[in-house]
2 protein chains.
Amino acid sequence: MKEGPDISHIAALIGDPARANILTALMDGRALTASELAEEAGVGLSTASGHLSKLAEAELIAPRKSGRHKYFNLADAEVAGVLEALMGLAARKGATRVRTGPKDAQMQVARVCYNHLAGRMGVQMYRSMIGRGLLVEDGEDVALTGAGRDFVTGFGIDVAGLEAGRALVCRTCLDWSERRNHLAGSLGRAMLTRMEDQGWMRRDPKSRAILVMEKGKAAFAAAFPET
Amino acid sequence: MKEGPDISHIAALIGDPARANILTALMDGRALTASELAEEAGVGLSTASGHLSKLAEAELIAPRKSGRHKYFNLADAEVAGVLEALMGLAARKGATRVRTGPKDAQMQVARVCYNHLAGRMGVQMYRSMIGRGLLVEDGEDVALTGAGRDFVTGFGIDVAGLEAGRALVCRTCLDWSERRNHLAGSLGRAMLTRMEDQGWMRRDPKSRAILVMEKGKAAFAAAFPET
DNA sequence: GGAATGCTTCGGCTACGGTCAAACTATGAA
DNA sequence: TTCATAGTTTGACCGTAGCCGAAGCATTCC
């Protein structure tokens, strides 16, 4: 009974509906202000402020002050991963949130997870790169091979620049809808950004869904064929 | 705000201290009765009964009636995985539960996770088998290679028997103390059982810790060398 | 400077949910 | 049949924690 870390405190934090809404809203990796999060959570500003300080205290989210605004981010990818895992558990009991609109279908296809591509397309990209020897898995970790560096560089990404940063370049993240890994880390983020820049896809500003352009579909399928 | 599965309900279930104790107690994979779990949780029997029906309702645990007893198990390995992940989050804030005794040190070395070997030795076994080409990872999944089947059979395990069962043979589970994968699934369980049968290790009946015998240390190091 | 905006703190209200004891059901033992 | 043990249900109690509005800081804009 007295073994291992105390789960209950952190789970209770996630367990409040307002706080869960806040965390879910932050899952797309964008930084949001306290007011925006209050709106998302459906509570008053003062209430949200209390929630936010608790979440920050537990280091689930990271606050940053900027002028008279205060921005919040998820603390890191591990937190995002735990949230995805919880969604996985919740999803199997049909506990999806209320109405499933057209957006929900698109969310299965492509969505933002923290800051990288998730959903069927995220998984396809990951598996394609593994299958072609561009990425190699080692336990929980994943790394670029030599061929992978060339490929990614050709894709228009400055690998050396990523490696100079503090963030982990390659990282896996478990996709809750597909139940498979997809690519996270600074490379995952860069790949998504690059595809947006090229006009392959575009983020829905009101949700985590990603809209894929016609030309993007073809280009993506060519770049990341199923193996 | 209205996207994706509803996390808060399931997190709130885990977030109550009594229920968290119950779930933690079930992490070693043994089935426990309602009375035993009440004891573990530190609440009265009637209170525990209420908690247990809620957990069962959410399919986090699976009840089985046997005579006038009612046994409870974790629902499956995915639930165990989420709990381990939450422990990982909790652990990094030094939120380990109260006193860290000698048992806690041993827990880092070897412990039971659901029903398989976890901790440093669990991770070492997994990585050794990957490194020698006995196991191969494919995304989130992991599988035995031909050489792996031979090795495991030579270890004294009836692979065909495992495959006949309903449970997934190979499965990964993220180790909260090591932050790496270890081997779960029915093979993971069989490996641990086999090592116990051979007298390499023995479970501490009062905790999740696994005691490693002297001869077990040498035999384990020989069977699963670091690569 | 003064006004407006963004956030925090405080006080008070409320309700949800955890708790237990006691009554009740069900299974097994004598 | 009767008693004992295991678990569930009910009802009453109580505390915690979420909620809001109002007042208080802090920062920026005019």
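Naming convention: chains lettered A, B, ... in sequence-line order (proteins, then strands); numbering from 1 in each chain.
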Hey, mind stepping through A/L83 and A/T24 against side-chain contact (heavy atoms from CB on, under 4.5 Å) and telling me if it holds?
-> CA-CA 8 Å; A/L83 295 178; A/T24 304; over 6 Å; no
Would you mind reading off the distance between [X] atom [atom1] and [N] atom [atom2], rounded to a whole angstrom?
X: B/H69; N: C/dA29; atom1: NE2; atom2: C1'; value: 12 Å
X: A/L13; N: D/dA17; atom1: CG; atom2: P; value: 11 Å
X: A/K54; N: D/dC19; atom1: NZ; atom2: P; value: 9 Å
X: B/I22; N: C/dG18; atom1: CD1; atom2: P; value: 11 Å
X: A/E39; N: C/dC7; atom1: CD; atom2: C1'; value: 16 Å
X: B/N21; N: C/dT19; atom1: CG; atom2: C1'; value: 15 Å
X: B/E36; N: D/dT5; atom1: CD; atom2: P; value: 16 Å
X: A/Y71; N: C/dG6; atom1: OH; atom2: C1'; value: 11 Å

Do we see a donor-acceptor contact under 3.5 Å between the side chains of A/R189 and A/H116?
-> no
Set of residues satisfying salt bridge (charged side-chain N to carboxylate O under 4.0 Å, His left out) with respect to B/D76, sequence neighbours excluded =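 With sequence neighbours excluded, B/D76 shows a salt bridge (charged side-chain N to carboxylate O under 4.0 Å, His left out) to A/R92, given in chain and number order.
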Can you sort out the partners of B/E59 under side-chain contact (heavy atoms from CB on, under 4.5 Å), two or more places apart, ordered by chain and number?
->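 Result, side-chain contact (heavy atoms from CB on, under 4.5 Å) vs B/E59: A/K93.
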Under 30°, 30 to 60°, or over 60°: which ring-plane class applies to B/F220 and B/W200, parallel, tilted or perpendicular?
-> perpendicular
Polar pairs (N or O, both sides) under 3.5 Å between protein and nucleotides 8-11 of chain C?
from: C/dT8; atom 1: OP1; to: A/K70; atom 2: NZ; distance (Å): 2.9
from: C/dT8; atom 1: OP2; to: A/S49; atom 2: OG; distance (Å): 2.5
from: C/dT8; atom 1: O5'; to: A/S49; atom 2: OG; distance (Å): 3.3

A/R111 (side chain) donor-acceptor with A/A118 (main chain) under 3.5 angstrom = no
Give the nucleotide from the list C/dT19, C/dG18, D/dC19 with an atom nearest to the side chain of B/R19.
-> C/dG18
Does OP1 or OP2 of D/dA17 have a side-chain N or O of A/H51 closer than 4.0 Å?
-> no
